[in-house]
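Everything below concerns the one structure shown next.
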Amino acid sequence: MTDASALPLHIGFIMDGNGRWAKARGLARPFGHEAGAKTFEKTVDSCRKLGIRYATFYAFSTENQSRPKDEIDALMALFDRYADDIYRRVKNDELKTYENVRIRFIGDKTYFSESRRKKIADIENLNIDKDIRLTVCIALNYGGRNEIVNAVNGFIAENPGKPLTERDISSRLYAPDVPDPDLIIRTAGEMRLSNFLLWQSAYAEFYSTSVYWPDFSEDDLKKAIDSFMNRTRKFGGISK
Ligand code: FPP
């Protein structure tokens with residue numbers, strides 16, 4: 001039995017409401033994603049300043065593939081632009097937001113073109129020689145059920161006929177060394193996990209705010225962290 005009086009070690013972000021944010025301003029949906037990408041970068045900086053060690057951002061789910069092609073293309077073009085920009089600025093030491101930050105990607109990378117996979121690998125290799133204060137995982141073409149099925153299939157292929165343990169699954173997830181999230185924040189008032197970190201969220205605290213993702217600020221992040229720190233986590237046991 002542990003209470004949550006310490007900072008969350010790992011926060012998961014379900015960045016929702018980009019479309020509604022754009023609509024409220026009479027803009028097309030891609031403008032919402034554009035604004036959301038800026039908030040992603042600001043939130044990385046806030047996490048680093050506040051001493052959060054791991055942050056996972058849900059950028060594109062396997063289910064998002066059912067969106068209109070135009071929107072998927074706009075999201076992928078936005079990702080490519082950000083990826084190039086982040087890579088160039090980190091390499092040239094221009095971008096303090098990513099100082100001592102390592103970026104990783106979780107999800108099914110086989111969906112991406114060779115050039116996008118290369119981009120992803122280049123970004124994952126940035127800062128590996130540095131003292132890392134914050135690990136950022138970007139969930140791209142990610143689905144929690146898919147992740148579990150892949151882990152199980154991987155185990156069966158290597159150990160035919162053997163019973164499987166929780167550890168066997170945990171060790172075959174996309175980022176097995178990243179601790180489970182303590183806190184999941186979802187914006188835009190929704191209260192669903194939507195296939196995000198299904199296995200890892202077994203004991204995560206959930207926090208929902210009505211703020212649309214593009215408007216999510218450092219103050220909103222602090223409110224979520226305060227709420228987390230005032231909760232009692234029981235992990236199936238009883239309160240102390
Ligand atoms: C959900 O809002 C948001 C997404 C499907 C995409 C999130 C992506 C970003 C914020 C860009 C991230 C960029 C980088 C570089 C990591 P929605 O479109 O479902 O909004 P709605 O529910 O209001 O329609």
Side-chain angles (χ1 to χ4, degrees), residues 11-48 54-90 95 97-98 101-109 111-112 115-117 119-124 126 134-144 146 174-175 184-197 208-218 220-221:
I11 304 181
F13 294 90
I14 304 180
M15 308 183 280
D16 201 1
N18 293 346
R20 278 164 279 178
W21 182 92
K23 193 171 174 208
R25 284 160 181 75
L27 300 169
R29 296 175 58 81
F31 287 97
H33 297 315
E34 201 64 62
K38 292 199 179 91
T39 303
F40 157 79
E41 210 163 274
K42 279 192 279 181
T43 308
V44 168
D45 204 31
S46 300
C47 285
R48 194 175 62 104
Y54 298 87
T56 299
F57 294 84
Y58 206 4
F60 189 79
S61 71
T62 44
E63 290 70 29
N64 288 151
Q65 284 174 27
S66 65
R67 293 192 175 206
K69 186 175 176 306
D70 280 2
E71 181 166 346
I72 298 179
D73 288 348
L75 262 171
M76 288 300 142
L78 174 67
F79 166 72
D80 285 342
R81 205 155 21 86
Y82 253 77
D84 288 340
D85 192 51
I86 289 172
Y87 183 77
R88 187 181 47 76
R89 287 191 290 159
V90 171
L95 195 56
T97 306
Y98 295 100
V101 174
R102 182 154 178 226
I103 303 179
R104 296 167 63 169
F105 290 84
I106 58 170
D108 181 1
K109 292 173 186 160
Y111 168 83
F112 301 123
S115 70
R116 192 170 289 124
R117 283 210 292 269
K119 223 171 264 205
I120 285 174
D122 286 346
I123 290 190
E124 289 189 320
L126 289 169
L134 169 67
T135 297
V136 169
C137 296
I138 300 179
L140 204 61
N141 197 37
Y142 174 87
N146 189 37
Y174 290 124
I184 303 282
I185 300 175
R186 183 165 186 154
T187 54
E190 309 296 347
M191 306 220 190
R192 292 183 292 278
L193 264 185
S194 298
N195 210 10
F196 182 55
L197 302 181
S208 170
T209 168
S210 59
V211 172
Y212 293 152
W213 176 254
D215 290 330
F216 187 78
S217 65
E218 188 166 306
D220 294 316
L221 176 59

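Remember, predicted model here, so these are calculated numbers, not experimental data. We count ligands from 1, going down the list as the structure has it; atoms in each ligand are counted the same way. The chain is numbered in sequence order, starting from 1.
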* Classify the contact between K23 and ligand 1 as side chain, backbone, both or neither, using a heavy-atom distance cut-off of under 4.0 Å. => neither

* Taking D73 for the side chain and D70 for the main chain, is one N or O donor matched with an acceptor at less than 3.5 Å? -> no

* So, is N18 polar-close to ligand 1, with some N/O to N/O distance under 3.5 Å? -> yes

* Go through ligand 1 atom by atom and flag the ones less than 4.0 Å from a non-hydrogen atom of G36. => 10 (C)

* Asked: Minimum heavy-atom separation for G32 to W21, with atom names?
  -> CA-CE3, 3.8 Å

* Asked: Is the OH atom of Y82 crowded by more than 12 outside heavy atoms at less than 6.0 Å?
  -> yes

* Determine the minimum heavy-atom distance between R67 and I72, stating which atoms define it. => O-CD1, 3.4 Å

* Asked: Does any N/O atom on N64 come nearer than 3.5 Å to any N/O atom on ligand 1?
  -> no

* Between T209 (side chain) and T187 (backbone), is there a donor-acceptor pair under 3.5 Å? -> no

* Contact with ligand 1 for R67, non-hydrogen, under 4.0 angstrom -> yes

* Any N or O on R29 sitting closer than 3.5 Å to an N or O of ligand 1? -> yes

* For ligand 1, which atoms sit closer than 4.0 Å to a heavy atom of A59? -> 6 (C), 7 (C), 8 (C)

* Asked: Any donor-acceptor pair under 3.5 Å linking the side chain of R117 with the backbone of F112?
  -> yes

* Structure fact -> Check: of H33, R81, E41, E71, min heavy-atom distance to atom 4 (C) of ligand 1 comes from H33

* **Under 3.5 Å donor-acceptor, R29 side chain and A22 backbone** => no

* Would you say R20 has any N or O atom under 3.5 Å from an N or O of ligand 1, going by distance alone? -> yes

